[in-house]
Amino acid sequence: MRILLAEDDQMLSKGIHLALSQNGYLVDQVKTGPDADNALTVTPYDLVILDLGLPDLDGLEVLTRLRQRGQPTPVVILTARDGVKDRITGLDLGANDYMTKPFHLDELEARIRALLRKGNWSNQTDIKYNGFAYDIVGRRLAVHGQPVDLSAREVAVLELLLQKVGKVVNKQQITEHLSNWESSISFNAIEIIVHRLRKKLEGSGINIRTIRGLGYILEPPATATGTATAPETAPETATVTPQPEQ
Ligand code: CA
C-alpha cells in the first residue's frame with residue numbers, strides 16, 4: 001500500500017511516517033501543496049493524507065485538482081481544531097475522512113485501514129477458498145487453518161493479486177505498488193517474492209500463474225465455492241466469484 005503524506009509540520013510528518021512504515025505501508029512525504037499536486041499527478045497512490053494548511057498551494061486546492069482529474073484516491077484531510085468550516089468544505093470537495101489535530105496515530109491508522117478496505121475490498125473482511133483463508137482486517141493468511149507468516153512485501157503482492165482475482169497483474173503494477181521514493185523494487189525481486197508466495201500457498205488450492213511477458217494471475221480453486229463475507233450493515237455485499245479453469 002502506497003500512501004502520500006502531505007504535511008508541512010516536520011514533527012507530525014515524521015511521526016506519521018514512522019508509524020505507517022512500521023505497519024508495512026510505503027509512505028512518500030511532501031511538504032508543500034505544489035509537491036503534493038505533482039506527486040498525485042504522476043504516481044498512483046492507494047491513499048492520501050492531506051494537511052489543509054500547506055505552503056504555496058492550499059490543501060483544499062490540491063484536493064479539488066485531484067477530483068477534477070477524476071482520481072478516486074481516498075483522502076484523509078488533517079485540520080486544525082477550529083477548522084470546522086474547512087472540514088465541511090473538504091468533505092464537500094471529495095475528502096473521505098478527516099482528523100482534527102492533535103490526534104492519536106492509532107486512530108489515524110484505523111481510519112486508513114477502514115478506507116483502504118472500503119476502496120480495495122468493497123468492505124469485505126476476509127476471503128476464503130477451500131484451504132485458503134485471508135483475514136483482510138488483520139492481514140493474516142491461514143492455509144488449512146494453520147497461520148502462515150508473510151513478509152510485508154509478500155502481503156502487498158498477495159493483496160494486489162487478491163484484489164484482481166482472475167485478472168492479469170503486470171510487474172509494472174506490482175513495482176508501483178511496492179516502491180516509494182526511498183526504495184524501488186526490481187522485476188527480479190518481484191519474481192522472488194512471487195516464488196516464495198507460491199511455496200507458502202502450496203496446498204491451499206490457490207495458484208499464482210505466470211503469464212509470460214505479461215505478469216501474474218491469481219487463480220482460485222476451480223471447484224471451490226468462493227465466499228467473501230462483509231459486515232451485515234454494508235449495503236453492497238461483495239462476492240468473490242471463482243473463475244472457471246480455462
Ligand atoms: Ca500545515
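Whatever order the structure lists ligands and atoms in, that order sets their numbers, starting from 1. Remember, predicted model here, so these are calculated numbers, not experimental data.
- Counting non-hydrogen atoms of neighbouring residues, nucleotides and ligands closer than 6.0 angstrom, the CZ atom of Arg196 reaches no more than 12 such neighbours.
- Under 3.5 Å, the side chains of Tyr98 and Asp86 contain no donor-acceptor pair of N or O atoms.
- Within the protein, the N, O or S atoms lying under 3.0 Å from the Ca ion (ligand 1) are Asp8 OD1, Asp51 OD2, Gly53 O.
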Expected list for residues 49-59: side-chain donor-acceptor pairs under 3.5 angstrom, two or more places apart:
residue, atom, partner, partner atom, Å
Asp51, OD1, Gly53, N, 3.4
Asp51, OD1, Lys101, NZ, 3.0
Asp58, OD2, Leu60, N, 3.3

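- Salt-bridge check for Asp37 with Arg65: passed, with a basic side-chain N closer than 4.0 Å to an acidic carboxylate O.
- The 12-atom threshold is not exceeded at NE2 of His195, counting heavy atoms of other residues, nucleotides or ligands nearer than 6.0 Å.
- The closest side-chain donor-acceptor pair between Tyr45 and Gln71, if any, does not fall under 3.5 angstrom.
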